[in-house]
Novice: 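Quick one: structure below, then a few questions.
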Amino acid sequence: MSHVMLCGGTLFEMNQRQILANLLRSCSKNSTLDKGLQAHGAVLRMGFGSDLMLNNDLIDMYGKCSRTGFAYDVFDKMPERNVVSWTALMCAYLQNGNAKRCLSVFAQMGVSDSKPNEFTFSTSLKASGVLGAAESGMQIHGLCAKFGFECVVVVGNSIIDMYAKCGKNIQATRMFETMPVRNLITWNVMIARYTVEENGKRALLLFREMQERGEVPDDYTFTSLLKACNTLEAVQQGSQIHAFLITRGFPYLVQTSVAGALVDLYVKCRHLSEARSVFEQIKQKNIISWSSLILGYAQEGNLEEAMNLFKLLRVSMCHQLDGFVLSSLIGIFADFALVEQGRQIHALATKIPSGLDISVANSILDMYLKCGDPDESERLFNEMPTKNVVSWTVMITGCGKHGLGKEAVRLFNRMQLDNIEPDGVAYLAVLTACSHSRLIKEGQEIFSRLCIDRRLKPKLEHYACMVDLLGRAGQLEEAKNLIMNMPLKPNAGIWQTLLSACRIHGGIEIAREVGEILIRLDGDNTVNYVMLSNIFADAGYWKECERLRKLVKAKGLRKEAGRSWVEIDKEVHFFYNGDDSHPNVEKIHEVLKEMEKRMKAEMGYVPGLRFALHDVEDESKEESLRVHSEKLAIGLALAHGKLEEKKTIRIFKNLRVCGDCHLFIKGLSKILKSLDKESSRADEKHLAANLSGTEQTNLVSSTRNKNKNQKE
DNA sequence: CTAGGGTTAG
């Protein structure tokens, strides 16, 4: 009797236990937390609180429902644990973005009684890859070999991916080549990684090889491959794959991710109509393909279409806006100095969950800095709960732009006290700030820190920045030696940087040397001749100047004509140098002369005659400066009463602003600001209450299609 | 309990 009872009891218990396990697994699969919590209650009520398998399922369920805290509680209270318990907890942390914690659980497991299995290894390897932690990845690889899991294909794939993500390409390839068994994922991992390393050609070769070996590609293969073409900027190969997909009748073309990659390929190659037509074919468009296309139009300068798409996206209500779209849009508005539109997106961002994404916040910081509102930017920066290296870099760049070099250095150091390691861009930002503020010693000190930083190698742009730093300080020889002795091959740009410095300091001899190098290296670029001839002009060497002009003519080279434009009442007005074709040309000159007079009187403005580049009398030099295209554009804006309206005046240029115009604009901004202070005191309350309602009066000169070092 | 893809900010 009792035996039968026990049997029945055991049977009953088995069923109960199995039902609970199934329930938990379904909650895990569907991430249904509420049901999972109920199931947890049932587990405890039915006396399974110490059951190993059910507890393992609970850990997994909480992990999949993004409740790592609960997962840990379960794990912590378990009377006994096995490899699955440990691995489930590691996964929970990894899948919820805490790769560090995942690895520390792995380390703890090492001193426990449980032995790792293939699941444990692939999870810990992935965590190392996410963190880019080559050291721990290598150690784990060693353990895989020791425990005999190196030849398991899933583990092998994880090892390759880990090495690739840590930038250890040689090790990744070695692993790939020595693997006894490969599967489709092995090939896909390799192809995907070659795209990251911007080695698209290798990806294409691998694709061919895998087909020769009879492996059938899937949608993962194609998306990676298309991205490889993208980094190659090989629209040709991309189109071939596109055609390949069409002829083979693959269903992938309407599939979201493959088509999404194709859209992005065409966007990056500026084939917007192709991108659009692929986009239209996608059966289930997702937010990613929308983002690509919107950004594509914006980068082409077609803001109107970009905004149309954005409106469509919003009314379709099919997709929750995410951080990618928002930060892209804000970035676009920042580039166009469209503060109002940027503010609207900022306001929108505060209303949706992804609006708090760090990249959105960063783009907002950058926008306010670029649009002339550094205080707002600083306020938001201080309020940010978490900052990353980009957030700090934005602020460092901002300081640099406003001539606050010391503050930039302070921020750079504070960032590291906050345990955020600078990357290459952060170094570049602080070095640039040093350069612009003449902080020679600080710059050199930071550069030497970069050189000994084991994670990073100084790139050409860092050297260029140091050349600029030394050059501006007049240390032309040192700058030249830096270029000659650096471990990288100098490009034309870095020599041009030195040449610019030669102009500031009148280093004729070095300029001649550099000029020769540049003509050899980049002889078809007019910029080089213009810069050289400017230097000769400064020194009064008119003959050499003339010789260069003739050389340019003989070579049939032409300089891009400098242009400026300004938008007034939704209409864009273009100006060339000395342009007198505008109907209001007389009024423009009148206003400009008036401003010039005030500036001479009030702030001691002296026209920068050295920026006039022909050998003529000073008087006509002054005259030639007065008709620079950017001044004409400003004149038009002033003539239209933009000053009285207290509207920001935005001038766009295709080339870099000339030195005298820079001085002129600075002076003008000061006059306008002082006007602003007098009249806006009374408005202060209003301003504070309605941030988006008023704009400061100031001038923003924005250089589009930047062509540095070339002046008019 | 495990491995692979497409969009963003400096």
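Hydrogens, waters and symmetry mates play no part in the numbers below; they use all other heavy atoms, side chains included. Remember, it's a predicted structure, so these values are computed and weren't measured experimentally. Note on naming: letters A, B, ... go to the chains in the order of the sequence lines (proteins, then strands), and numbering restarts at 1 for each one.
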Novice: Over all strands shown, is A:Lys64 touching base, sugar-phosphate only, or nothing at heavy-atom distances under 4.0 angstrom?
Specialist: sugar-phosphate

Novice: Stepwise, does the side chain to side chain donor-acceptor pair (under 3.5 Å) test hold for A:Ser114 with A:Asn82?
Specialist: CA-CA 6 Å; A:Ser114 305; A:Asn82 66 4; over 6 Å; no

Novice: Would you mind checking if A:Arg276 and A:Glu305 are paired as a salt bridge, meaning a charged N to carboxylate O distance below 4.0 Å?
Specialist: yes

Novice: If you look at every strand shown and take non-hydrogen atoms under 4.0 Å, does A:Thr186 touch a base, only sugar-phosphate, or nothing?
Specialist: nothing

Novice: For the side chain of A:Asn183, starting at C-beta, report the closest nucleotide among B:dT8, B:dA3, B:dG5.
Specialist: B:dA3

Novice: Assess the residue pair A:Leu312 and A:Asn308 against the criterion (side chain to side chain contact (heavy atoms under 4.5 Å, CB included)); give the C-alpha distance rounded to whole Å, side-chain angles, the decisive distance to 0.1 Å, and a yes or no.
Specialist: CA-CA 6 Å; A:Leu312 259 173; A:Asn308 282 342; 5.9 Å; no

Novice: So, is A:Lys268 close to the B:dG6 phosphate, meaning a side-chain N or O under 4.0 Å from OP1 or OP2?
Specialist: no

Novice: Determine, for A:Tyr72 and A:Arg101, whether the Lys NZ or Arg CZ falls below 6.0 Å from the six-membered ring centre while staying within 45 degrees of the axis.
Specialist: yes

Novice: Classify the ring geometry between A:Phe147 and A:Phe121 as parallel (under 30°), tilted (30 to 60°) or perpendicular (over 60°).
Specialist: tilted

Novice: Below 3.5 Å, does any donor atom in the side chain of A:Ser328 face an acceptor in the base of B:dT8, or the other way round?
Specialist: no

Novice: Looking at B:dA9, B:dT8, B:dG5, which one has an atom nearest to any side-chain atom of A:Phe324?
Specialist: B:dT8

Novice: Would you mind reading off the distance between A:Met415 atom CE and B:dG10 atom C1', rounded to a whole angstrom?
Specialist: 11 Å

Novice: Which value, rounded to the nearest 0.5 Å, describes the distance between A:Cys27 atom SG and A:His40 atom NE2?
Specialist: 12.0 Å

Novice: Hey, which of A:Leu431, A:Leu411, A:Val425 is the one that makes side chain to side chain contact (heavy atoms under 4.5 Å, CB included) with A:Ile396?
Specialist: A:Leu411

Novice: Output the single nucleotide from B:dC1, B:dG5, B:dG10 whose closest atom is nearest the side chain of A:Ala88.
Specialist: B:dC1

Novice: Of all the choices, B:dA3, B:dG5, B:dA9, which nucleotide is nearest to the side chain of A:Val154 once you look at every atom?
Specialist: B:dA3

Novice: Between A:Asp161 (CG) and B:dG5 (P), how many Å, whole number?
Specialist: 6 Å

Novice: Where the side chain of A:Lys227 is defined as all heavy atoms beyond and including C-beta, which of B:dT8, B:dA3, B:dG6 is the nearest nucleotide?
Specialist: B:dG6

Novice: At less than 4.0 Å, is any side-chain N or O atom of A:Arg193 found next to OP1 or OP2 of B:dG5? Yes or no.
Specialist: yes

Novice: Using a cut-off of less than 4.0 Å, is there contact between a side-chain N or O of A:Gln95 and OP1 or OP2 of B:dT2?
Specialist: yes

Novice: Rounded to the nearest angstrom, tell me the gap between atom CD1 in A:Ile185 and atom P in B:dG5.
Specialist: 10 Å

Novice: Select one nucleotide: of B:dT7, B:dA3, B:dG10, the one nearest the side-chain heavy atoms of A:Ser122.
Specialist: B:dA3

Novice: Take the protein atom CD1 of A:Ile140 and the nucleotide atom C1' of B:dT2, then report the distance between them rounded to whole Å.
Specialist: 13 Å

Novice: In this structure, how many angstroms lie between the C1' atom of B:dG10 and the CG atom of A:Asp366, rounded?
Specialist: 6 Å

Novice: Which is true for A:Asp219 with a 4.0 Å heavy-atom rule: it touches a base, it touches only sugar-phosphate, or it touches nothing?
Specialist: base

Novice: Atom CG of A:Asp357 to atom P of B:dT7: distance rounded to whole Å?
Specialist: 17 Å

Novice: Of the nucleotides B:dC1, B:dA3, B:dG10, which one has an atom closest to the side chain of A:Cys91?
Specialist: B:dC1

Novice: Select base, sugar-phosphate, or nothing to describe what A:Val267 touches, counting heavy atoms under 4.0 Å on all strands.
Specialist: nothing

Novice: Can you tell me how far the CD atom of A:Glu280 sits from the CD1 atom of A:Ile282, to the nearest 0.5 Å?
Specialist: 9.0 Å

Novice: Please list, in numerical order, the residues of residues 287-298 of chain A that have a heavy atom closer than 4.0 Å to any atom of DNA chain B.
Specialist: A:Ile288, A:Ser291, A:Ser292, A:Leu295

Novice: Of the nucleotides B:dG6, B:dT2, B:dG5, which one has an atom closest to the side chain of A:Ala261?
Specialist: B:dG6

Novice: On the side chain of A:Asn230, is there an atom forming a donor-acceptor pair with the base of B:dG6 - under 3.5 Å, no angle test?
Specialist: no

Novice: Hey, does A:Val189 reach any base, or is it just sugar-phosphate, or nothing, if we go heavy atoms under 4.0 Å?
Specialist: sugar-phosphate

Novice: Picking from B:dA9, B:dA3, B:dG10, which would you name as closest to the side chain of A:Thr393?
Specialist: B:dG10

Novice: Starting the side chain at C-beta, find the nucleotide from B:dA9, B:dT2, B:dC1 nearest to A:Asn117.
Specialist: B:dC1

Novice: Quick one: does A:Ser359 reach the base of B:dT8 with a side-chain donor-acceptor pair under 3.5 Å?
Specialist: yes

Novice: NA contact type, A:Gly331, heavy-atom cut-off 4.0 Å: base, sugar-phosphate, or nothing?
Specialist: nothing

Novice: How long is the line joining CE of A:Met179 and C1' of B:dA3, in whole Å?
Specialist: 10 Å

Novice: Should we say atom CG of A:Asp113 is surrounded by more than 12 heavy atoms from elsewhere, each under 6.0 Å from it?
Specialist: no

Novice: Please report the distance, rounded to the nearest Å, between CE in A:Met90 and P in B:dA3.
Specialist: 11 Å

